[in-house]
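Every chain is numbered from 1, with letters handed out A, B, ... down the list of sequences.
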Amino acid sequence: MKYETVIGLEVHVQLNTKTKLFCSCSTEFGAEPNTQTCPVCQGHPGVLPVLNERVLEKAIQAGLAFDCSINHFSKFDRKNYFYPDLPKAYQISQFDLPICKEGVLNIHLDKNGSKQIGITRIHMEEDAGKLIHSESSQTNESYVDLNRCGVPLIEIVSEPDMRSGEEAYQYLTNLKQILMYVNVSDCNMEEGSLRCDANISLRPVGQKEFGTRAEIKNMNSFKGVQKAIDYEVRRQGRLLDKGERIVQETRLYNVDEDKTYSMRSKEEAHDYRYFPDPDLVPIVVDDAIIETIRKGLPELPEAKRTRFMADYQLSEEDGKVLTNSLEVAEYFERAVKAYPDNPKKIANWIMAELMRVLNEEGGDLGKVKVQATEIGSLVQHIDTGEVSGKMAKTIFEEMVKTGDSVKQIIERLGLKQVSDEGELNAVIEKVIQSNPDPVKSYRAGKEKAIGFLLGQVMKATKGQANPQVINKLMKDALSKI
Amino acid sequence: MDTLGSDTGGSIRQPASLCGVVGMKPTYGRVSRYGLVAYSSSLDQIGPFTNTVEDAALLLQVISGHDPQDSTSSREKIPNYLDKIDQDIKGKKIGVVKEYHSKDLAPEIKAKVDEAIDKLKAKGCEIIDVSLPHAEYGVPVYYVIATAEASSNLSRFDGIRYGQRSEAQSLEDTYLQSRSEGFGPEVKRRVILGTYVLSSGYYDAYYLKAQKVRTLIKQDFQKAFKEVDALITPTSPTTAFKIGEKMNDPLEMYLTDIYTVNLNLAGLPGISIPFGESKEGLPIGVQLIGNYFHEKPLLNIAWHLER
C-alpha cells in the first residue's frame, strides 16, 4: 500500500543568555562539573526561582521571528518526575499557556517550491543537569553535574506538517538560521544547545486520520534526523504492509547502525502531574513590550534574500548563499557600502574566495583577517584597471595572511598596474623594434604571434602593464607599421 | 520574647491560641518566603509569635517587605505598625461570620468570642453580621491544594541530593526505600493525597475544582470587606488537646483548621489574641481577620482587645 508520512518535530534550543533561567549562575559551556551552580539551581530546600527577564525577551524574539502570536498572559508550571539530574524532582516548564503560539516557518524544496510548516507553540523551560557514568563497569558509579541545571531552553513544537525526512531537514536548517539571525541561541548541536525529537506516523494516502506515531530521540545532527526518519518510515511501512499494528512508543536512534530501537511504550509513560508553579507569578506581557521587541528584530533571512536580489541584482542562488548566515550577509553589505558600483563582482569574490577562507577557519568569520571594506576596495581597484585579476588574487592572499589594506599591499609589493598609454607605448615601441620576426609573422596573418610580443611588454613592465590596454595599444602599433 | 513561625493553614495562629500567646499570619507576600523550606508555596507565610500585640507589630516591622529572591513577595508600602497602635477604634465596623458563630461552636469558646465582641462594642465598634457562604469548603479545598503543592515540594527529598538515602540495588529502589523510610506516616499520607489530586484523570475533579472554590472563598471575603474593617472569629474549635491525642484521627485533626485555613486560601492577614481561659484553665484565642495588607488596622483593633 502507498503511505503518506506525517512528521512533527520538537526542538529544544538553549538560549544564549549569560545567566540561567531562575538564578544568576553562568551558562558557559564546558566548565568544571558543579562549578556553575548555586542553592537555587541545585534546588536546595527553601530557595525560590526568580525569572531572568532576558530569557522572556529572547523567547518572545524567537516567537516573533516565526510569526507567532505572543500570549499576553502566560505562566510557568511544574513537570514532576524523579531523576538524579533533576535535584528538585520537578522541571519548571510551561504547560497550557506557553509564551508563544501559532507561528509558521517556510521551507524551500528543490522539487516543489516552498511550503509552510506550522509552529504550534514555543515555551520556556529549564534544562536538567547531566549524569556522568563511570567508565569502568566494576565501580558502577554515576556522577551528577548540575552546571546545565537551570540553563534556559525554549521548546519549539511544529505542527505535523512535514511529509519526508528531507522536509524535516529543511525545516531544521531554516529554523536554525532564523534562531541565529535573531541571536537567541548559538544552535550548536554538538554542545547540546539544539536537540530534536521527531514524531512520525504513516497513513494510507487519502486517509485523513493520523496513524499511530512513534517518537524518535537521540539524533545528534540534522542529517541524522533525516536518516532516522527515513529509517522509521521504512520500518513502519513494513509493519503496516504485514498488517501489524504500530505501537505508540519512544524509540532511540542508533547512528552507527542507522536504526531505531524501542525505549519505552506509552503504557510506561510518565504522568508528569503538571500544575502551575506557585513560586512564580504569572507572566503578563503587554502590546507595548511586544512591539518594542518586534522593532528590535533584525531583517530575517527571507526578507534579506529578496532585498539582496532586488537591490544588488543578484541571482536567487547568490542571494541564498550570501544570506545563509547573518554574519556573511552583513559582511557583504559592508563591502558593497565601501564600493557600491559592482555588487555582483563583490558577491563573486565573497562566495568564491572569502567562503573558502571562512571554511578553512572553521566557519568563524571573526578569525578571517580580510576586512569587508577591503573586498570593496579590491574590486574597485580591479574595475579601475589599477590591478589585474591576477594581481588581485595575490593581494587577496596577502590580506588573508596579514589583514592589511589593499593600498598597503600594493605599495609593499609594488603591484601597481600601469595603464598610462604614453608610458606603455614607449615600451611597445622598444619591443617591436627588438623582435622583428614575431612582428613579421603577425603581419603575415599569424595573429597568435601577438601573444609573444605582449609577453615581452609584461616582462619589461614586471607584469604591471594593464593587459587590456597593452593589447589595444599593441594592435594599434602593429597596424601602423 | 519573640519568635517566628510559618503558617500554611493556621500553624501560627492555632498554636498561639492553644498556648495563650499572640500569633499573626501576615498577608501572603508581605514577608519573604526565601529560606523557608516550602510545604505549600501558595499558602505558606512567615509571621510572628509574641507575648503582646505591640511585640507582634515590632517583629512584623522587621520581617516585612519585598525580597528580590522571592517573586511572590509584595512591593506594597510598609507602614509603621507600632505608630498609633493605641488609637481609638470607635466607629470601626467588625463583622461576625454567621457560618462560624453557630450553635455547633463549643459553648466555652463561643462565650469567649461573644465576650470579645461585647468589648469591641463597648469601645464603640459597630458589629455587623456577615456571611461567608463558601467557608465550609475551606478545609477540603485546603487539603487538596496544600497536599498537591507539598507532594511536589517534598519530592526533592528523594535520597539523591536531599533527604535520607537508603542503599538499594537500583535507582527506583533507592527512591522507594529512601522515601518510605525517611518520611513519617502523616507526611506520606499527604504526599499520596497530593500526588493523587494532581494525577491525570483526577486533576480536573480535585485540584482544578479546589482552585475554583478557592476563588469563591476569596470572593466571599472581598464582599465582606466592602462592609466591614475586620472580622472576628474563634481561632480554634477546641482548646489544647493532649499530645498524640488526634494522631489516630487525621480527619478530626484537619478539622481543627476550620477557622484558620480560609485566610491562607484567600491570602489575607489574621491575628490570634489570647482571650481568657476554659474551665480547665486552658487558653482560648480569638482571631481577627483583615483585608489585604491591612495589618496595621488589624493590630490596632487587636491592641484594644488585648487590654
Side-chain angles (χ1 to χ4, degrees), chain A residues 21-24 34 37-53 75-92 95-96 128-129 131 133 140-144 146 149 266 268-283, chain B residues 6 28-29 32-44 67-74 144-146 148-163 165 169-172 174-176 178-179 191 194-203 206-208 210-211 267:
Chain A
L21 179 49
F22 297 117
C23 64
S24 46
N34 297 309
T37 61
C38 73
V40 173
C41 56
Q42 289 178 44
H44 280 210
V47 302
L48 296 168
V50 176
L51 176 63
N52 176 349
E53 288 187 11
K75 65 182 170 69
F76 282 105
D77 301 278
R78 292 186 185 177
K79 179 181 182 178
N80 295 282
Y81 65 94
F82 291 100
Y83 206 64
D85 64 6
L86 192 68
K88 296 192 300 300
Y90 60 82
Q91 178 196 29
I92 304 178
F95 185 51
D96 54 340
L131 292 187
H133 303 289
N140 199 22
E141 284 171 333
S142 293
Y143 301 89
V144 187
L146 295 178
C149 203
K266 204 203 167 201
E268 303 161 41
H270 288 113
D271 179 358
Y272 290 119
R273 291 171 284 121
Y274 280 101
F275 75 104
D277 191 333
D279 286 334
L280 288 156
V281 289
I283 306 155
Chain B
S6 69
Y28 183 80
S32 170
R33 290 185 297 116
Y34 195 85
L36 167 66
V37 174
Y39 169 62
S40 175
S41 312
S42 76
L43 302 163
D44 292 344
D67 178 358
Q69 293 192 98
D70 177 0
S71 321
T72 64
S73 69
S74 172
V144 169
I145 292 171
E149 293 181 8
S151 73
S152 174
N153 282 331
L154 299 179
S155 50
R156 75 191 67 197
F157 302 102
D158 61 8
I160 302 296
R161 186 81 173 80
Y162 307 107
R165 160 115 47 126
Q169 284 309 304
S170 70
L171 177 63
E172 194 178 341
T174 306
Y175 285 141
L176 287 171
S178 298
R179 291 172 65 81
V191 167
T195 304
Y196 178 77
V197 300
L198 287 176
S199 299
S200 97
Y202 299 98
Y203 181 92
Y206 294 101
Y207 181 78
L208 195 63
Q211 288 291 19

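Residue contact with chain B, scored on non-hydrogen atoms closer than 4.5 Å, involves the side chain of N80(A) exclusively. Contacts between Y274(A) and chain B at a heavy-atom distance below 4.5 Å involve the backbone alone (N, CA, C, O).
In this structure, L171(B) CG and Y83(A) OH are separated by 7.0 Å, a value rounded to the nearest 0.5 Å. Rounding to the nearest 0.5 angstrom, the gap separating the CZ atom in R273(A) from the OH atom in Y202(B) is 14.0 Å. Note that CG of D271(A) and OG of S200(B) are 4.5 Å apart. Values are rounded to the nearest 0.5 Å. The CG atom of D279(A) lies 9.0 Å from the CG atom of D44(B); values are rounded to the nearest 0.5 Å. Annotation: the span from R156(B) atom CZ to H44(A) atom NE2 amounts to 10.0 Å, rounded to 0.5 Å. The distance from atom CG of L48(A) to atom CG of D67(B), rounded to the nearest 0.5 Å, is 8.0 Å.
Of all the heavy atoms in N153(B) and R78(A), the pair that sits closest is OD1-NH1, 2.9 Å. Nearest heavy atom pair, residue A148(B) against residue F275(A), reads O-CZ, 4.3 Å. Of all heavy-atom pairs between Y203(B) and P276(A), the closest is OH-CD, 3.7 Å. For the residue pair D158(B) and A89(A), the shortest heavy atom distance occurs at OD2-CB, 4.4 Å.
Ranked by heavy-atom pairs under 4.5 Å with chain B, the list V144(A), V47(A), V281(A), D277(A) is led by V47(A).
Partners of Y28(B) under the ring pair (Phe, Tyr, Trp, His ring centres under 6.0 Å) rule, at least two apart in sequence or in another chain, do not exist in this structure. Residues passing the salt bridge (Lys or Arg N to Asp or Glu O under 4.0 Å) test with D77(A), sequence neighbours excluded: K75(A).
Using a 30° and 60° split on the angle between ring planes, F82(A) and Y175(B) fall in the tilted class, from 30° to 60°.
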